[in-house]
Amino acid sequence: MSDLAFAVLRALADGRFHSGEAIGQNLGCSRTLIWQAVHTIESDFDLTVYSVRGQGYKLSQPYEWLDVPSIRHGLASESAEVWTVAVADQVDSTNTQLMVHATSDGLHGLVLATERQTAGKGRLGRRWHARLGTCLMFSILWRFDRGIAELAGLSLAVGLALARVLRQLGAPVELKWPNDLQLHGRKLAGILIELSGDALGPAAVVIGIGINLHTPAEIDQPVAALSDCGIEISRNALLALLLNELHEVLSSFNQHGFAQFGKEWMSLSSHQDTPVRLSFSHGDPIDGIARGVAENGALLVDTPDGRRVFHVGEVSLRRME
Ligand code: BTN
């Protein structure tokens, strides 16, 4: 039913009334099937569809689709040479899809953006949920000359690329180690990096990014959206801006590593010199004062036992009130 629901959503995307009969004729199916698809759009996609006798169906507001030509239109010429952009109505997870390409001969610079994920993944085994049309979700496949061992600060560098773009748009975002973006202390965006390759040899990396544009799905922590600070931008335009910046940052990271970004990253850190609690999948939490990041992106924390260094991995960080 999802395929038909997406086809009907396309027919309704302009936000005007369309009769069930006309949609059915165009799609070659009965009015009853169209009615069922509208039901799916409401129940599964969480969108509001008005149904008015004699006029047909109408979305409560127009729907802007992810669209490859619109995305490419916003790419700078150098970055356009690198990115191969694809969009899908629905996938399990853009990261899962690109990991298949990463382990075969998938193209460096492949981008997959989607309207909907049925099994979106977050860090530390969590799920990533998003209501249709409210979140920009995409993954990119990037091949590094550096081995996995040298990619420790990568998620911080990616966060910085996103922060640069969002701050230019007027969102006062901050970076929460290792790879969240926050707006007014609430989670605005997340990054999930998955790796394939050898410790020393070339590495293929899938970088998955989710950014809330409108009222996000509730999770286990306070969440934010770009609309909270009055920013309304099309997902296509935003994706192009992000790809331009990611092209710059990933190319520099491949050449020079994370150290070049350390100072700028710390200037945007949400937890610099504040009390924090670090939690681990095993063992007791550790409290201390966050003191910035090392040259490889590891977090420096002053604890009662002295300064300790935490590497990106199975650690999660919370501010202590
Ligand atoms: C996190 O904050 O825990 C990371 C969230 C990453 C979500 C994005 S959405 C696009 C890509 N595909 C996934 O399955 N996850 C990432």
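For this chain, numbers begin at 1 and follow the sequence in order. Hydrogens, waters and symmetry mates play no part in the numbers below; they use all other heavy atoms, side chains included.
- The two residues G170 and P172 make their nearest non-hydrogen contact at O-CD, 3.5 Å.
- Considering all non-hydrogen atoms of both residues, A80 and R72 come closest at O-NH2, 2.8 Å.
- Using a 4.5 Å cut-off between side-chain heavy atoms of Ile, Leu, Val, Met, Phe, Trp and Tyr, with links allowed through other members, L250 and M99 fall into different hydrophobic clusters.
- Looking at residues two or more places apart in sequence or on another chain, you find no side-chain hydrogen bond (donor to acceptor under 3.5 Å, both in side chains) involving D228.
- A donor-acceptor pair under 3.5 Å is formed between the side chain of T274 and the backbone N or O of H271.
- Hydrophobic clustering of Ile, Leu, Val, Met, Phe, Trp and Tyr side chains at less than 4.5 Å, counting indirect connections, keeps V206 apart from V249.
- Between I71 and A240, the shortest heavy-atom distance links the atoms O-CB, 3.4 Å.
- The neighbour count for E64 CD, taken as heavy atoms of other residues, nucleotides or ligands under 6.0 Å away, is above 12.
- Looking at H73 and P69, their side chains never come closer than 4.5 Å, going by heavy atoms from C-beta outward.
- Counting heavy atoms from C-beta on, the side chains of L175 and L156 never come closer than 4.5 Å.
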Next on the checklist: Could you walk me through whether D89 and D3 satisfy the side-chain contact (heavy atoms from CB on, under 4.5 Å) test, starting with their C-alpha distance in whole Å, then the side-chain angles of each, then the deciding distance to 0.1 Å, before giving a yes or no?
Outcome noted: CA-CA 9 Å; D89 285 350; D3 284 351; over 6 Å; no

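- Under a 3.5 Å cut-off, the side chain of S30 and the backbone N or O of L33 do form a donor-acceptor pair.
- The hydrophobic cluster containing L110 does not contain F253, counting ILVMFWY residues as joined when their side-chain heavy atoms lie under 4.5 angstrom apart, directly or transitively.
- With sequence neighbours left out, the side-chain hydrogen bond (donor to acceptor under 3.5 Å, both in side chains) criterion links E174 to no other residue.
- Across all non-hydrogen atoms, the minimal contact from S139 to L98 is O-CD1, 3.3 Å.
- Note that CD of Q90 is 5.5 Å distant from OG1 of T118, once rounded to the nearest 0.5 Å.
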Checklist entry - For Q117 and T94, what are the C-alpha separation, side-chain angles and deciding distance, and is it a side-chain contact (heavy atoms from CB on, under 4.5 Å)? => result CA-CA 7 Å; Q117 297 188 127; T94 53; 3.3 Å; yes

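- In R31, the CZ atom is not crowded: 12 or fewer heavy atoms of neighbouring residues, nucleotides or ligands sit closer than 6.0 Å.
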Next on the checklist: Working note: I289 + T303, criterion side-chain contact (heavy atoms from CB on, under 4.5 Å); need CA distance, chi angles, decisive distance, verdict.
Outcome noted: CA-CA 7 Å; I289 309 284; T303 73; over 6 Å; no

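- In this view, F261 satisfies the ring-ring contact (aromatic ring centres under 6.0 Å, His included) rule with no residue, not counting sequence neighbours.
- Between R164 and E248, none of the side-chain N atoms (NZ, or NE/NH1/NH2) sits under 4.0 Å from a carboxylate O, so this pair counts as no salt bridge.
- N244 places a side-chain N or O within 3.5 Å of a backbone atom of A76 that can act as its donor or acceptor partner.
- Residue pairs meeting the salt bridge (charged side-chain N to carboxylate O under 4.0 Å, His left out) criterion with at least one member in residues 99-118, sequence neighbours excluded: E115-R235.
- Between E245 and L242, every side-chain heavy-atom pair lies at or beyond the 4.5 Å cut-off.
- Of the possible polar contacts, none joining the R186 side chain to the A225 backbone as a donor-acceptor pair under 3.5 Å is found.
- Rounded to the nearest 0.5 Å, atoms CG (L112) and CG (L66) are 10.0 Å apart.
- Chaining together hydrophobic side chains whose heavy atoms lie under 4.5 Å apart leaves L192 on its own.
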Donor-acceptor pairs under 3.5 Å, side chain of residues 41-49 to any protein atom, not counting sequence neighbours: which ones?
{"unit_1": "E42", "atom_1": "OE2", "unit_2": "V49", "atom_2": "N", "d": "3.1"}
{"unit_1": "S43", "atom_1": "OG", "unit_2": "H39", "atom_2": "O", "d": "3.0"}
{"unit_1": "D46", "atom_1": "OD2", "unit_2": "R131", "atom_2": "NE", "d": "3.1"}

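- Side-chain atoms of S279 never come within 3.5 Å of backbone atoms of P285 as a donor-acceptor pair (strictly under, hydrogens ignored).
- Residue S270 holds its OG atom at 4.5 Å from CD of Q182, rounded to the nearest 0.5 Å.
- Hydrophobic side-chain contacts under 4.5 Å tie V309 into a cluster, directly or through other members, with L300.
- For the atom pair I231 CD1 and H214 NE2, the distance stands at 11.0 Å (nearest 0.5 Å).
- Scored by the ring-ring contact (aromatic ring centres under 6.0 Å, His included) test, W35 finds no partners at all (sequence neighbours excluded).
- Each of D284, D287, L299 was scored for a side-chain contact (heavy atoms from CB on, under 4.5 Å) with L278, with one residue passing: L299.
- Among residues two or more places apart in sequence or in another chain, the side-chain hydrogen bond (donor to acceptor under 3.5 Å, both in side chains) test is passed with H18 by D14.
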Next on the checklist: Test side-chain contact (heavy atoms from CB on, under 4.5 Å) on D305 and I286; report intermediate values, then the result.
Outcome noted: CA-CA 10 Å; D305 302 329; I286 294 177; over 6 Å; no

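- Contact between D92 and T96 at its shortest, heavy atoms only, is OD2-CG2, 3.7 Å.
- One distance of note links CG of L239 with CD1 of I233; it measures 10.5 Å at 0.5 Å rounding.
- Side-chain contact between V158 and S155 is absent, with no heavy atoms from C-beta onward closer than 4.5 Å.
- Considering only residues two or more places apart in sequence or on other chains, F138 meets the ring-ring contact (aromatic ring centres under 6.0 Å, His included) condition with none of them.
- Remark: H108 engages W142 in a ring-ring contact (aromatic ring centres under 6.0 Å, His included) (not counting sequence neighbours).
- Proximity of a side-chain donor or acceptor of T134 to a complementary backbone N or O of A130 within less than 3.5 Å is not detected.
- Between L107 and H101 the shortest side-chain heavy-atom distance does not fall below 4.5 Å.
- Considering only heavy atoms from C-beta on, I191 comes within 4.5 Å of L162 through its side chain.
- Of the inter-residue distances, the one linking L136 atom CG with N236 atom CG reads 8.5 Å to the nearest 0.5 angstrom.
- In this structure the side chain of R291 never reaches within 4.5 angstrom of the side chain of V301, judged on heavy atoms.
- Within the 4.5 Å cutoff, no side-chain heavy atoms of F258 are placed close to those of L154.
- Hydrophobic cluster membership of W128, counting Ile, Leu, Val, Met, Phe, Trp and Tyr whose side-chain heavy atoms lie under 4.5 Å apart directly or via other members: M137.
- Closest non-hydrogen pair, A203 versus L151, comes out as CB-CD1, 3.8 Å.
- Atom CZ of R16 sits in a sparse spot, with 12 or fewer heavy atoms from other residues, nucleotides or ligands closer than 6.0 Å.
- The number of heavy atoms from other shown groups lying within 6.0 Å of CD (E232) is above 12.
- Placement of L132 and Y50 in two distinct hydrophobic clusters is found when ILVMFWY residues are connected by side-chain heavy-atom separations under 4.5 Å, directly or transitively.
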